[in-house]
Number of protein chains: 2
Amino acid sequence: MTQQHLPVDVSSLKFDAAGLIPAVVQDATTKQVLMLAYMNHQALTQTIASAIATFWSRSRNEIWVKGATSGHYLTVESISFDCDQDALLLTVTPKGPACHTGSNSCFEVDNVKH
Amino acid sequence: MTQQHLPVDVSSLKFDAAGLIPAVVQDATTKQVLMLAYMNHQALTQTIASAIATFWSRSRNEIWVKGATSGHYLTVESISFDCDQDALLLTVTPKGPACHTGSNSCFEVDNVKH
């Protein structure tokens, strides 16, 4: 990992009290929203350096390379942040279903309909 | 607001320690991700009842009907939650730019490129 992979703007991002920032993950091709996960500074810098979506697992309290177990890595096409600098949007190309249930998206089922 | 507007599943959602759940907001037509905001139980039930996206403003500590000031309301087409029941996805039809900057999306600028 070299400095050239780390845009200066990363330092201006607002991580929360737990050191996390939420990341919306969207399929770069279909535009489907796949999941919402959290990154700490290390996960974000690792994601930028590797172009493989890497998060902080709040349940396991560890760095979580998405797909490390399933092989369903998410190749990151772009990362942007919002006007408040406290949320990220990743567009990705998934190597398989993003959800552990086998669905393309963790939001697959339209559970609450108006 | 009557009970018929409140799906049973709402009670199974996991709100965080602050009583909030993050909501990804996506344009129902263009599929563009517009913003990430937070709801408490009241904001969610109000959203379901009114079909107008309503959040909890963490900065102002109050219920925030998106568009109440600008007129750029977000009409909610669907609400779904993820496999962990701790995140929401709203698809909406916006009545104007979703971002206070005048951009369609709060993620408009691709700030961090791999």
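Computation of the quantities below employed the complete heavy-atom set of this structure, encompassing side-chain atoms and omitting hydrogens, waters and symmetry-equivalent molecules. Throughout, protein chains are lettered first and strands after them, A, B, ... in sequence-line order, and every chain is numbered starting at 1.
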Next on the checklist: Let's test your reading of the structure: which of Lys31(B), Met35(B), Gln32(B), His100(B) forms the most heavy-atom pairs below 4.5 Å with chain A?
Outcome noted: Lys31(B)
Checklist entry - Do you know which of Thr30(A), Val33(A), Thr101(A) has the most heavy-atom pairs under 4.5 Å to chain B? => result Val33(A)
Next on the checklist: Under a 3.5 Å distance rule, please check whether Thr91(B) uses its side chain to pair with a backbone N or O of Gln26(B) as donor and acceptor.
Outcome noted: no
Next on the checklist: Quick one: does any side-chain atom of Thr47(A) pair with a main-chain N or O of Ala53(A) as donor and acceptor, under 3.5 Å?
Outcome noted: no
Next on the checklist: Please classify the contact between Val24(B) and chain A as side chain, backbone, both or neither, with a heavy-atom cut-off of under 4.5 Å.
Outcome noted: side chain
Item to check | Backbone of Asp27(A) reached by a side-chain donor or acceptor of Thr29(A) within 3.5 Å | outcome: no
Checklist entry - If you measure from the Lys or Arg side-chain nitrogens to the Asp or Glu carboxylate oxygens, is any gap between Asp84(A) and Arg58(B) under 4.0 Å? => result no
